[in-house]
Number of protein chains: 2
Amino acid sequence: MNQMTQNADPGIPDVSEMLCFSIYSAGHAFTQLYRPLLDAIGLTYPQYLVMVALWRRDGRTVKELGETLFLDSSTLTPLLKRLETAGFITRTRNPRDERQVLLHLTEEGRRLKESTAEVSRCVQEAVGIDADTANKIQAAIDAIRDGIHKRKP
Amino acid sequence: MNQMTQNADPGIPDVSEMLCFSIYSAGHAFTQLYRPLLDAIGLTYPQYLVMVALWRRDGRTVKELGETLFLDSSTLTPLLKRLETAGFITRTRNPRDERQVLLHLTEEGRRLKESTAEVSRCVQEAVGIDADTANKIQAAIDAIRDGIHKRKP
DNA sequence: GGCGATTAATTTGTGCACGATTTAAATAGT
DNA sequence: ACTATTTAAATCGTGCACAAATTAATCGCC
């Protein structure tokens, strides 16, 4: 019995064999991959995802954004305040329903979009797989995520 | 042009089409799936991953554990202190190299393993895919993660 | 019209995750 | 032997992520 495995318990799976761990650690790897690229434009990775969502469709409420990103307002509120402080978005109460907060890009926030072509290119290169393969993996992961979300009861 | 897409910018991809977002949101879904199951035995999801690693092989250093989980000591130290306070592990300096901290399961920590069969069963049922499919997805995700880790320079 | 229930966002408290810095121990080079 | 370098943990500060509780506006129902 060699040094590496002398205390290994064969009845317990290694974390490396758990699907949840693969997803967990791959998520961290993406965060670390994005960090230096996004530092340059003053965003964190979750902030970048928010901006991508807003570049796609502006004028959403916090709730709508949360449904897109699967995040709730207690996560988004402080993050959105930081984006507001940075000058990338505005947060205004909806006059038609004062409970809602409407999110709008500022001119600076819209301009930021132009800086991200390089980010996407770097990430795509680092991931190093073709779009078709990526789509297949993604569909499988989305199905797992949606399956977990559905069976809440 | 319908209501849903009236402000959509076709030049920007939806977050839902980004592989990194699928992994990001699937990771959250797993955390939420595990939470109520692990609450019952007094662990968080990252703590559970640490325990799985230690059940597999006891007596590791913080560094070795970090290499397994892709986490560094600034994340692990406070988490391990909480596991120590909870009575599941001990943290002792290695007398042969006082820089290192050795991690050992307590009797209670070892006993906890018996409570996790039910957890694994629930997760497997929620994910709802066969082991073979899971392995294929996992291999693809691991390859992406390892590819990202490798190209640091 | 008024009031209980619902809804949207915020606040609060805990626990990761990680870059950067610090502390202390071991090792290397002369 | 002694200093410079390297290594392992811990510490510090910032920013998610989320449950639970709170606040305030709207809706539903009578």
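- Across the protein-nucleic acid pair, Leu33(A) atom CG and dG19(C) atom P stand 12 Å apart, rounded to whole Å.
- With distances taken from any side-chain atom of Val62(B) to the nucleotides dA17(D), dC18(C), dA9(D), the minimum falls on dA9(D).
- Residue Ser74(A) is in base contact, counting any heavy-atom pair closer than 4.0 Å across all strands shown.
- Applying the 4.0 Å criterion to OP1 and OP2 of dT7(C), one finds that Gln100(A) has every side-chain N and O outside that range.
- Within 4.0 Å (heavy atoms only), Thr61(B) reaches sugar-phosphate atoms of the nucleic acid but no base atom.
- The distance from atom CG of Leu71(B) to atom P of dG19(C) is 11 Å, rounded to the nearest whole Å.
- For dC16(C), neither phosphate oxygen OP1 nor OP2 lies less than 4.0 angstrom from any side-chain nitrogen or oxygen of Lys81(B).
- Taking atom NZ of residue Lys63(B) and atom P of nucleotide dT6(D), one finds them 15 Å apart after rounding to whole Å.
- Under 4.0 angstrom from either OP1 or OP2 of dA17(C) there lies at least one side-chain N or O belonging to Tyr24(A).
- Distances shorter than 4.0 Å separate some side-chain N or O of Gln32(A) from OP1 or OP2 on dC18(C).
- Around the CD atom of Glu98(B), the shell of radius 6.0 Å holds more than 12 heavy atoms that belong to other residues, nucleotides or ligands.
- Scanning atom types as modelled, no donor and acceptor separated by under 3.5 angstrom connect the side chain of Thr77(B) and the base of dA9(D).
- Taking atom CD1 of residue Ile23(A) and atom P of nucleotide dA17(D), one finds them 16 Å apart after rounding to whole Å.
- Here Thr44(B) lies in heavy-atom contact (under 4.0 Å) with sugar-phosphate atoms only.
- Position along DNA chain C of the nearest nucleotide to Val101(A) versus Pro78(B) favours Val101(A) as the more 5'-ward residue.
- Counted by atom type alone, Arg60(A) and Thr68(A) present one or more donor-acceptor pairs between their side chains at under 3.5 Å.
- Counted within 6.0 Å of CD on Glu67(B), heavy atoms from surrounding residues, nucleotides or ligands total more than 12; the atom is thus considered enclosed.
- One interatomic measurement links the two molecules: CG of Leu80(A) to P of dG15(D), which rounds to 14 Å at whole-angstrom precision.
- Checking dC16(D), dA25(C), dA10(D) against the side-chain heavy atoms of Arg93(B) singles out dA10(D) as nearest.
- Residues Thr61(A) and Gln100(A) have side chains that never bring a donor and an acceptor to within less than 3.5 angstrom of each other.
- Whole-Å rounding puts the Phe70(B) CZ to dC16(C) C1' distance at 18 Å.
- In this structure, the CZ atom of Arg35(B) is 8 Å from the C1' atom of dA17(D), given to the nearest Å.
- Note on Leu76(B): nothing from the nucleic acid sits closer than 4.0 angstrom, heavy atoms only.
- Between Arg82(B) and dC16(C), a side-chain N or O to OP1/OP2 separation shorter than 4.0 Å is present.
- At dA17(D), none of the side-chain N or O atoms of Thr75(A) fall inside 4.0 Å of OP1 or OP2 (strictly under the cut-off).
- Ring pair Tyr45(B)/Tyr24(A) is perpendicular by interplanar angle, where above 60° counts as perpendicular and below 30° as parallel.
- Nearer the 5' end of DNA chain D, as judged by each residue's closest nucleotide, is the contact made by Gln47(A), out of Asn94(A) and Gln47(A).
- Rounding to whole angstrom units, CZ of residue Phe30(B) and C1' of dC18(D) are separated by 18 Å.
- At a threshold of 4.0 Å, the pair Asp58(B)-Arg110(B) counts as salt-bridged, since one of the basic side-chain nitrogens sits closer than that to a carboxylate oxygen.
- OP1 or OP2 of dT23(C) has not a single side-chain nitrogen or oxygen of Arg99(B) nearer than 4.0 Å.
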